[in-house]
Colleague: 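Starting off with a structure, shown below.
We use all heavy atoms of the structure for the numbers below, so side chains are in, but hydrogens, waters and symmetry mates are not. Just so we're on the same page: letters track the sequence lines, and every chain starts at 1.
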Protein chains: 2
Amino acid sequence: MTLSTSWVDGAAGSLFDLDNLPYGVFSTRDDGARRVGVRIGDHVLDLATVAEVGDPASALAAVWRTPSLNAFMAMGPEQWTVARDWITEVLRDELHAERTSPHLHRLDAVELHLPIEIGDYVDFYASLQHASNVGRMFRPDQEPLLPNWKHLPVGYHGRSGTVVPSGTDIVRPCGQRKAPTEDSPTFGPSRRLDIEAELGFVVGVGSTLGQRVGTDAFADHTFGVVGLNDWSARDIQAWEYVPLGPFLGKSFATSISHWVTPLAALDAAWTDLPGQDPEPLDYLRVERRSGLDIEVEVLLNDIVVSRPPYSSMYWSPAQMLAHTTANGASVRTGDLWGSGTISGGEPEQRGSFLELSWGGAEPFTVFGVERSFLEDGDTVTLRYTAPGTSGGRIALGEVTGRVLPAT
Amino acid sequence: MTLSTSWVDGAAGSLFDLDNLPYGVFSTRDDGARRVGVRIGDHVLDLATVAEVGDPASALAAVWRTPSLNAFMAMGPEQWTVARDWITEVLRDELHAERTSPHLHRLDAVELHLPIEIGDYVDFYASLQHASNVGRMFRPDQEPLLPNWKHLPVGYHGRSGTVVPSGTDIVRPCGQRKAPTEDSPTFGPSRRLDIEAELGFVVGVGSTLGQRVGTDAFADHTFGVVGLNDWSARDIQAWEYVPLGPFLGKSFATSISHWVTPLAALDAAWTDLPGQDPEPLDYLRVERRSGLDIEVEVLLNDIVVSRPPYSSMYWSPAQMLAHTTANGASVRTGDLWGSGTISGGEPEQRGSFLELSWGGAEPFTVFGVERSFLEDGDTVTLRYTAPGTSGGRIALGEVTGRVLPAT
């Protein structure tokens, strides 16, 4: 463990010191070109420009000049390490301060963009508490969990073309909905707009069609993690989803953080899964520490309304990747998968308003005001922290979005 | 109606004369660069090269030099018409034969590739007969159609990263499956590998996030159609699909034709829908002739085993596009949607082996041999024809694939 800190103003002791170093894509007023940067404290470092100072033919500089992380991610784990070691050195040793400082931009002076060009987006359903809560609400007379749930990480494909970066306003979706008490469906703005507080995983290195990615190859393919809010229109979803799953109830927007935290920054966050019973089939077996100790906060209009613990998730990210490719399906650089709503065992750990308000039947109180689903003008922010490799904590990229009225 | 034919050898009177002109992406032994071509008879014309002879700065030549149809499709309907008129003239008037002929390649001398860079892939379930057949098999004691089916075109997102071009071998997928009679799931090669004979639609011009595409704007956004086989592992699908829909049962491969037939070639194929009752909600209303009279043939090892009529489909392509964007979700150039299995009202018009063999319970006979699901070594080919604008018929791109044993 190296207790090293950066010479950059304000970085030392912050949640974005040298043990974090998430990547993103930014542009400046002077230079509108989108390019890759790394976050240090409240600054972003223009990576390509700095790399070219040292080596005009730098292969890393070439990929950092592009408008997404994809080309860098496709280089693979060895180059990810080379890059991280080099960035750490540049930002740690004051010898580099003079020539590097001109390429540091204050966060409030840059525009941040979607960091990755997304291939396929898959969303899972990996929280036992979330799946149980939903089961209890929707099928009160039956076992809360469906028969397949403990045998495989249930997942489905979402819409990659509507994954938007944090800060994008969310227009309340319209759609068909029919309450059980109504004779026929009507079309109009969703009345049960919700969030799903999730963690997202980003594929760096693709795989070959027809070949499985084992749970032990997770780190060979996975570049890092993002914050993810899978906005959901529960009324649209409830009417459409049998038998082929959610479609328009989810596809209007999925927000991800501007920052992608590389797996290397999460070395100290690995933890045991809560336990899997029955033992999963061979292709889903994982080593002991395959869960992640990441704490999440859900804020509604700047007030914390829930604290879901990612460590409570039943299925691990390595299991989700292995399952995705178990049939020979390939993954590509830029593929994204979400964990599914993160809900802990306590009421104040639930990761959706559906659960926090028990389907709207038990509104929760925020500063004396009763709330259930999202109202126009609401802002939802998800924040994430994890143990850092230097003994403190690091923050993952936050995800925020404001609800605008339906058009 | 122009009864014009091409000077290209073998084109006149074929299914690929001037009233067809589908686009694809090819390369040659001499020139491995993937580029856009148009099919005429049994030849492909190298479009960029010919366009540059006339105009070295041709904007069309620039987009035809790229390795997918996306840049061309993104230009929009006016340029699609300009291009089609120009190609028609070049291939119709013998004056152009001398300078054009060197850029015609025999189909058996080129390699054909995936024609589009696919954004999101959505698969629908738009055949009343298919949905009813599946309902009767899986829920014999209930109404065959679920309550939402006649109110909206049910659909879900598939995996765009595993869409492969016609001719790609299909490795039998492995996965979890559990028969109702078994206590717990096992992992292994699918025992119920199937096809779905579908028609695919390709988005040329994208839409804006938050704005709906009305049914009347179908032709402003849709570039053309492809043949599509949505390979399906029924046993994997049956165990995984509740409650979030099909995932690994479908994601191992979806085959599409090499050729994209532009909508302009289908002008004479529009026909009335079979009828919709109840009347759909306003955002799904369409004009009278919004169905397509396309005949499909399903061949198992070169023997026709079914003839599904696309004209029998309940939901129209314009309704599927309007539904996809009804919640404000945007579409992008290269988005692909499948119609869902095409099944007509007669047993010999069913577009899946699930239906042809009634879930395996009633094997069908092919030249004296009983068959139900796909066996290793089987080849399935889908062929499509439609009325052409010159009074004859045109062929759409065929889709073929051979089943290889699981690895």
Colleague: What part of B/V134 gets within 4.5 angstrom of chain A, counting heavy atoms only: side chain, backbone, both, or neither?
Modeller: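 The answer is neither part of B/V134.
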Colleague: Quick check on the interface: out of A/G206, A/P147, A/A131, who has the most heavy-atom pairs with chain B under 4.5 Å?
Modeller: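 Option with the greatest count: A/P147.
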Colleague: Does any backbone or side-chain atom of A/L281 lie under 4.5 Å from a heavy atom of chain B? Answer side chain, backbone, both or neither.
Modeller: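 Interface part for A/L281: side chain.
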Colleague: I'd like to verify something: which residue of B/V122, B/T324, B/V164, B/I236 has the highest number of heavy-atom pairs under 4.5 Å with chain A?
Modeller: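 When all of B/V122, B/T324, B/V164, B/I236 are compared, B/T324 has the most.
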Colleague: Quick one: of A/T168, A/D123, A/T162, A/I118, who has the most non-hydrogen atom pairs under 4.5 Å with chain B?
Modeller: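 Top count of heavy-atom pairs under 4.5 Å with chain B: A/T162.
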Colleague: Under 4.5 Å from any heavy atom of chain A, what part of B/R212 do you find: side chain, backbone, both or neither?
Modeller: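 The answer is the side chain of B/R212.
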Colleague: For B/D335, is it the side chain, the backbone, both or neither that has a heavy atom under 4.5 Å from a heavy atom of chain A?
Modeller: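 It is the side chain, since no backbone atom gets that close.
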Colleague: Is chain A contacted by the side chain of B/V171, its backbone, both, or neither, given a heavy-atom distance below 4.5 Å?
Modeller: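 B/V171 has no heavy atom closer than 4.5 Å to chain A.
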Colleague: Can you tell which of B/N327, B/T325, B/L404 has the highest number of heavy-atom pairs within less than 4.5 Å of chain A?
Modeller: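 Ranked by contacts with chain A, first place is B/N327.
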Colleague: Which bit of B/F252 comes within less than 4.5 Å of chain A, counting heavy atoms only: side chain, backbone, both or neither?
Modeller: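 Interface part for B/F252: both.
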Colleague: Which residue out of B/Y121, B/Y283, B/Y241 racks up the most heavy-atom pairs below 4.5 Å with chain A?
Modeller: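 The option with the most such pairs is B/Y283.
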Colleague: With chain B as the partner, which of A/P246, A/G119, A/G210 has the greatest number of non-hydrogen pairs under 4.5 Å?
Modeller: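 That would be A/P246.
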Colleague: Using a cut-off of under 4.5 Å for heavy-atom pairs, which of A/P173, A/P278, A/G158 has the most such pairs with chain B?
Modeller: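 Ranked by contacts with chain B, first place is A/G158.
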Colleague: Could you pull out the closest heavy-atom pair between A/L146 and B/P243, with the gap in Å?
Modeller: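 In terms of heavy atoms, the two residues are closest at CD1-CD, 3.5 Å.
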Colleague: Rounded to the nearest 0.5 Å, what's the gap from NE2 on B/H157 to CG on A/L244? Could you check?
Modeller: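 Reported to 0.5 Å precision, the distance equals 12.5 Å.
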Colleague: Show the nearest heavy-atom pair for residues A/S251 and B/A329, with the distance to one decimal.
Modeller: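 Shortest heavy-atom contact: O-CB, 3.5 Å.
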Colleague: Looking at B/K250, B/K178, B/H323, which has the largest count of heavy-atom pairs under 4.5 Å with chain A?
Modeller: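 When all of B/K250, B/K178, B/H323 are compared, B/H323 has the most.
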Colleague: Determine the minimum heavy-atom distance between A/S160 and B/D120, stating which atoms define it.
Modeller: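 Shortest heavy-atom separation between A/S160 and B/D120 comes out as N-OD1, 3.0 Å.
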Colleague: Go through the atoms of B/L209 and report whether side chain, backbone, both or neither lie under 4.5 Å from a heavy atom of chain A.
Modeller: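 For B/L209, the contact with chain A is made by the side chain alone.
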Colleague: Looking at A/R332, I want to see if its CZ is surrounded by more than 12 non-hydrogen atoms of other residues, nucleotides or ligands under 6.0 Å.
Modeller: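 Atom CZ in A/R332 is packed in, count exceeds 12.
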Colleague: If you tally heavy-atom pairs under 4.5 Å against chain A, which of B/P189, B/P185, B/A233, B/A406 wins?
Modeller: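 If we count pairs closer than 4.5 Å to chain A, B/P185 comes out on top.
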Colleague: Quick check: closest heavy atoms across A/N148 and B/E240, and the distance to 0.1 Å?
Modeller: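 That closest heavy-atom pairing would be ND2-O, 3.5 Å.
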Colleague: Minimum heavy-atom separation for B/L248 to A/A326, with atom names?
Modeller: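 Heavy atoms of B/L248 and A/A326 come nearest at CD1-CB, 4.3 Å.
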Colleague: Looking at B/R159 and A/S330, would you say the former's side chain and the latter's main chain have a donor-acceptor pair under 3.5 Å?
Modeller: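 Answer holds: yes.
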Colleague: Please look at B/T186 and chain A and tell me whether the side chain, the backbone, both or neither of the residue comes under 4.5 angstrom of a heavy atom of that chain.
Modeller: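 Backbone only.
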Colleague: Which one of B/G175, B/C174, B/A253, B/G328 has the most heavy-atom pairs closer than 4.5 Å to chain A?
Modeller: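 Among B/G175, B/C174, B/A253, B/G328, the one with the most close pairs to chain A is B/C174.
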Colleague: Around atom CD of A/Q276, are there more than 12 heavy atoms of other residues, nucleotides or ligands at under 6.0 Å?
Modeller: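 It does: A/Q276 CD has more than 12 such atoms within range.
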Colleague: Specify the closest pair of heavy atoms between A/Y156 and B/F247, including all atoms of both residues, with the distance to one decimal.
Modeller: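 In terms of heavy atoms, the two residues are closest at CA-CD1, 4.1 Å.
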Colleague: Decide side-chain contact (heavy atoms from CB on, under 4.5 Å) for A/L284 and B/F187; before the verdict, give the C-alpha distance in whole Å, the side-chain angles of both, and the deciding distance to 0.1 Å.
Modeller: CA-CA 10 Å; A/L284 291 172; B/F187 183 87; over 6 Å; no
Colleague: Can you tell which of A/V242, A/T407, A/V154 has the highest number of heavy-atom pairs within less than 4.5 Å of chain B?
Modeller: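 Most heavy-atom pairs within the cutoff with chain B belong to A/V242.
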